[in-house]
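Report on one structure; see the data block that follows.
Whatever order the structure lists ligands and atoms in, that order sets their numbers, starting from 1. These figures come from a predicted structure and were not determined experimentally.
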Amino acid sequence: MVSSIVIAHLDLDAFFAAVEELEHPELRGKPLVVGGDPKGRGVVATANYAARRFGIRSAMSSAEALRRCPAVVFVPPHMALYVEYSRAVWRTVREVVPVVEQVGIDEGYLELTSVDPDPRKARALAEAVQAAVRASTSLSCSLGVASCKVVAKVASDRRKPGGLTVVPPGKEAAFLAPLDVRALPGIGPRAEERLLASGITTVGALAALDDDALRGLIGGKVGAMLRDRARGIDPRPLETSVERISIGHEETFERDITDRAVLYAELRRMSARVAVRLATRGDAARTVTTKVRYPDFSIRSRSVTLPAGIDSADEIAEHACSLLDRALGDRPGALRLVGVSVSSLEPFRQLPLA
Ligand code: TTP
Ligand code: MG
């Protein structure tokens with residue numbers, strides 16, 4: 001039995017700048033900085049990849065960015081817009097992989113084995129996440145796949161932009177070993193300086209330090225933890241939060257199913273369970289969503305929002321089944337999963353206002 005978990009770390013590529021390029025197509029591909037005014041004391045929040053070719057980096061002064069590339073376009077940050085895109089990204093990610101720890105606006109960890117316990121499926125699943133994010137938001141992201149957080153995070157940074165790096169189980173330390181020590185999250189500028197001064201330039205050299213040598217460089221628990229991480233050992237679990245904005249059930253089949261009648265029956269069964277949970281809360285729902293997952297892990301969902309809330313199993317099932325037809329309309333074929341959920345909840349048995 002396979003019980004090891006596989007994690008992906010996802011990080012959006014040049015996130016703020018990528019959003020600005022989507023909002024202003026005329027800027028696409030030109031050197032672009034999101035940040036403060038170069039005439040003042042502004043700094044670069046992020047630069048797109050065209051600007052990075054001139055050596056422009058996050059946290060550099062905008063004035064320096066302008067010196068490096070006089071043609072660079074400066075755009076002030078539009079945080080509300082980035083938050084909106086970020087929400088759309090993470091909503092999409094959660095549809096493909098429900099167990100997620102979102103770390104910041106543009107990065108997070110996904111537990112791939114929550115979808116399929118077979119670690120050999122991890123790459124296909126990560127590709128499905130990447131494709132889904134691109135399809136729903138036009139944003140590009142990079143992923144790293146590994147058995148623990150630190151290795152997944154380092155891996156997601158290896159092939160930016162648009163990259164996917166899979167580190168097979170057992171290869172964690174070997175993957176990290178040749179990298180510069182600064183590639184290891186947790187090594188700040190001061191620790192890096194001390195390590196470099198002692199000739200510890202690679203993650204592998206840090207991993208190989210004995211206890212005494214380590215104590216002399218970075219003492220205490222932090223030192224031990226960083227050496228563990230350098231060895232690809234990181235027991236931190238995902239700190240996941242499940243957003244309770246919808247009530248749903250989904251099921252991954254043991255064998256992919258094509259027969260529409262069987263799929264309807266599954267949806268009816270799940271709709272009945274959803275109805276029970278709605279009734280327990282005393283709620284009705286105005287939105288019904290059917291989700292399908294194809295054998296290549298790609299997902300598709302279709303929703304309907306009704307003028308009035310419903311709460312009966314039959315009504316939910318009726319919508320769920322016609323949404324299934326819609327979802328399969330232009331892409332019929334076998335499915336590995338179907339799910340039904342309801343949202344836009346409202347208290348049931350509201351008396352009409354006289
Ligand atoms: P990052 O993921 O570090 O950078 P990025 O997404 O722009 O580029 P990359 O392709 O290398 O991942 O940070 C995410 C966003 O956070 C970034 O778009 C802007 C913001 N940010 C700042 O505002 N200040 C900073 O110093 C950094 C590093 C990021
Ligand atoms: Mg990023």
Could you find the nearest protein heavy atom to atom 26 (O) of ligand 1 and give me its residue, atom name and distance? S58 CB, 3.9 Å
Distance below 2.8 Å from the Mg ion (ligand 2): protein N/O/S atoms: D11 OD1, L12 O, D106 OD2
Any heavy atom of R52 sitting closer than 4.0 Å to ligand 1? yes
Tell me, which protein residue and heavy-atom name are nearest atom 23 (O) of ligand 1, and how many Å apart are they? A45 CB, 3.5 Å
Heavy-atom proximity to atom 13 (O) of ligand 1 ranks first, among V34, L12, N48, D106, for D106
May I ask you to establish whether R300 and Y294 are in a cation-pi arrangement, using a distance under 6.0 Å from NZ or CZ to the six-membered ring centre and at most 45° from the ring axis? no
Any nitrogen or oxygen of I105 lying under 3.5 Å from a nitrogen or oxygen in ligand 1? Just yes or no. no
When you look at V181 and T201, which way does the side-chain contact (heavy atoms from CB on, under 4.5 Å) test go after all the steps? CA-CA 6 Å; V181 275; T201 58; 5.8 Å; no
N or O pair under 3.5 Å between A59 and ligand 1: no
With distance as the sole test, does R41 use its side chain to make a donor-acceptor pair with the main-chain N or O of G36 at under 3.5 Å? no
Minimum-distance protein heavy atom relative to atom 15 (C) of ligand 1: F16 CE1, 3.9 Å
Which segment of Y82 sits under 4.0 Å of ligand 1 when only heavy atoms are counted: neither
Please list, chain by chain and in numerical order, all residues satisfying ring-ring contact (aromatic ring centres under 6.0 Å, His included) with Y82, sequence neighbours excluded. F16
Going by heavy atoms, is P161 under 4.0 Å from ligand 1? no
